[in-house]
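See below for the structure under consideration.
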There are 2 protein chains.
Amino acid sequence: MLVGQMKRRYSQLCGVATALDMIGDRWALLILRDLLLGPMRFSEFTTSLPGIGSNTLTSRLKALETAGVVQRRLLALPEGGTAYELTEYGRELEPILLALGRWGGKRMGSGLGEMVTNSRWFAAALLAYRNERQEVDPATTWELRLSDGPFTVRGEGTQLTVTAGAPESADLIVSAADRDMYMLLAGQVKPSEAIESGAVTLSGDEEALERLVSVFVFPTPAALGVQTSSP
Amino acid sequence: MLVGQMKRRYSQLCGVATALDMIGDRWALLILRDLLLGPMRFSEFTTSLPGIGSNTLTSRLKALETAGVVQRRLLALPEGGTAYELTEYGRELEPILLALGRWGGKRMGSGLGEMVTNSRWFAAALLAYRNERQEVDPATTWELRLSDGPFTVRGEGTQLTVTAGAPESADLIVSAADRDMYMLLAGQVKPSEAIESGAVTLSGDEEALERLVSVFVFPTPAALGVQTSSP
DNA sequence: CGGTATCCGCAAAGATACTG
DNA sequence: CAGTATCTTTGCGGATACCG
């Protein structure tokens, strides 16, 4: 009960095992994935991670905090409260999580069945499928209004950031359901058609849409379009 | 009982979650880590992964095979039997595992306490801390005789491979306990001193030792030398 | 050697209720 | 909103027995 019985650790003198002792428990990496786009509140996790249970969430957050991967922060006054965010060390996992997501994405279903969706995951996928060679010039801020809320995409030269929430000011606001936004950014539909059909609506410098689309390279068969189940 | 009870899947439409549904279970990534250096037999896992239990191992191997990450192979006749190896898809995890190992290595203990060690993990770490900029010229084959057996390091130009087992012929055979080999390759001891003290013994083209050492860049505070436990 | 099957005990995970 | 408390369920580890 009280006695901390050093849980179930691998206790191997190996970097991978040491990493898994920190972030290998169930739900841990999904918590970190959600934190890639910015701080999250406790209650946001409970809705963003259906099935986790508040006790498990408490336990994971504590363990991640102890490991120095996540830290608690007090939010500014309007709406106040506490939030969780990645530490510097935790942020070093970003390229690893993105690579893992690309790897898993190759076997990801199409969206049918009992799968849960979330705009935040889709927004994180934008980071994963960013075209590193494509510079953003001039520096631009986009606001993407997706199914679960607004997200900010900022590009300046070779840098690109994606964060949850709306920017103070955007060059262009793009509103669409997650799937329509995917179709647009993956080049599955022409911008002109998407706008005419009403699936996507713009507000602001419409010229900036081209730049947005050009920054991402989604895998060709299309992550959301093809069910991959080998015989 | 027989009915596939679809275990505990996340069922999220997200690449990271899909990946974790395949390789997120306990022990799975450690199995894959061990496979980085070549095929492994069932019984080798049971000794290489102390604490796993044969039933869990069976379950994991089956799941990884079903996921297309691992495949069974019949070994050639002397000693025959079956072995497990990575599929092409599984091999794509290599850079991710190596990066994860580097990340975890920053918090890895020094080797004291109840930690388990294994030459195979140390050999895998060589892949993780390879200096990509350093070419191997001329092409060279080293045999490292470590505590748990021989390993083969092959370098040709910008390519470097590390595999379990001895090569058919080596330019240089280096014998040392894991820790002494680490001290040597990490530049913690001078080759000349290591040889004079008897901690390291050579057989073959002794000139090739310099090239071997130059190919690796271990993090400066030394993964095996400093206990990192923040207050 | 290369596993499968079964039983047992524990600790993690899930569900739900409740509280500062 | 941010958790704690309680109870149940299930996966995992450990041991052992068995089998081709």
Side-chain angles (χ1 to χ4, degrees), chain A residues 1-12 17 20-31 34 39-66 70-85 116, chain B residues 1-12 17 20-21 23-31 39-65 70-85 114 116:
Chain A
M1 266 237 226
L2 286 180
V3 195
Q5 46 243 23
M6 69 180 229
K7 321 238 204 109
R8 254 202 298 242
R9 313 280 74 163
Y10 293 115
S11 297
Q12 296 181 357
L20 292 176
D21 280 342
M22 293 188 277
I23 59 166
D25 284 334
R26 193 166 162 73
W27 295 110
L29 276 180
L30 297 186
I31 289 172
D34 279 358
M40 295 258 296
R41 296 161 163 276
F42 189 92
S43 60
E44 291 180 290
F45 282 116
T46 64
T47 66
S48 166
L49 300 176
I52 189 175
S54 55
N55 44 6
T56 305
L57 178 58
T58 299
S59 167
R60 286 296 164 279
L61 288 172
K62 277 213 178 89
L64 290 172
E65 200 183 343
T66 303
V70 156
Q71 61 196 5
R72 296 175 53 136
R73 213 189 54 186
L74 296 171
L75 290 180
L77 260 186
E79 310 305 313
T82 62
Y84 296 85
E85 62 186 2
V116 181
Chain B
M1 254 301 171
L2 283 182
V3 194
Q5 50 251 20
M6 68 179 233
K7 318 234 211 109
R8 255 202 298 240
R9 312 281 74 162
Y10 293 116
S11 298
Q12 295 182 358
L20 292 176
D21 279 343
I23 59 167
D25 284 334
R26 191 165 163 75
W27 295 110
L29 276 180
L30 297 186
I31 289 172
M40 294 258 295
R41 295 159 167 277
F42 189 91
S43 59
E44 291 181 290
F45 281 117
T46 65
T47 66
S48 166
L49 301 177
I52 189 176
S54 59
N55 43 9
T56 305
L57 178 58
T58 299
S59 166
R60 287 296 166 280
L61 287 172
K62 276 212 178 92
L64 290 172
E65 200 183 343
V70 156
Q71 60 195 6
R72 296 175 55 136
R73 211 189 56 185
L74 296 171
L75 290 181
L77 260 186
E79 311 303 316
T82 60
Y84 296 86
E85 63 186 1
E114 289 301 312
V116 181

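Values in this document were obtained by computation on a predicted structure and should not be read as measured data.
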Against the six-membered ring of Phe42(B), is Arg72(B) placed for a cation-pi contact (under 6.0 Å from the centre, within 45° of the normal)?
no
How do Tyr10(A) and Phe42(A) order along DNA chain D: which one's closest nucleotide is nearer the 5' end?
Phe42(A)
Heavy-atom closest pair, residues Leu49(B) and Ile31(B):
CD1-CG1, 3.8 Å
Separation of atom OH in Tyr84(A) from atom C1' in dC1(D), rounded to whole Å
11 Å
Phosphate-side-chain proximity, Thr58(A) and dT4(D), N/O vs OP1/OP2 below 4.0 Å
yes
Between CD of Glu44(A) and P of dC1(D) the distance, given in whole Å, is 9 Å
Would you kindly give the CG-to-P distance between Leu57(A) and dG3(D), to the nearest whole Å?
8 Å
Over all strands shown, is Thr82(A) touching base, sugar-phosphate only, or nothing at heavy-atom distances under 4.0 angstrom?
sugar-phosphate
Applying salt bridge (Lys or Arg N to Asp or Glu O under 4.0 Å), name anything that partners Glu85(A), two or more places apart in sequence or on another chain.
Arg73(A)
Working to the nearest 0.5 Å, report the span between CZ of Arg9(B) and CG of Leu20(B).
9.5 Å
Give the rounded distance in Å between these two atoms: CG of Leu49(B) and C1' of dG13(D).
13 Å
Can you name the closest pair of heavy atoms from Pro39(A) and Glu44(A) and give their distance?
O-OE1, 4.3 Å
Just the rounded figure in Å: distance from P of dC12(D) to CG of Leu61(B).
14 Å
Tell me the interatomic distance from Arg60(B), atom CZ, to dG3(C), atom P, rounded to whole angstroms.
16 Å
To check you understand the geometry: which heavy-atom pair defines the closest contact between Ser48(A) and Pro50(A), and what is its length?
O-CD, 3.2 Å
A correct 5'-to-3' footprint of nucleotides 14-20 of chain C, with B, S and - meaning base, sugar-phosphate only and no protein heavy atom under 4.0 Å, is BBBB---
Euclidean distance, atom CZ of residue Arg73(A) to atom P of dC1(D) [Å, nearest integer]
18 Å
Tell me the interatomic distance from Asp25(A), atom CG, to dA12(C), atom P, rounded to whole angstroms.
8 Å
Under 4.0 Å between a side-chain N/O of Lys62(A) and OP1 or OP2 of dG3(D), yes or no?
no
Backbone N/O of Asn55(A) and side chain of Ser59(A): donor-acceptor pair under 3.5 Å:
no
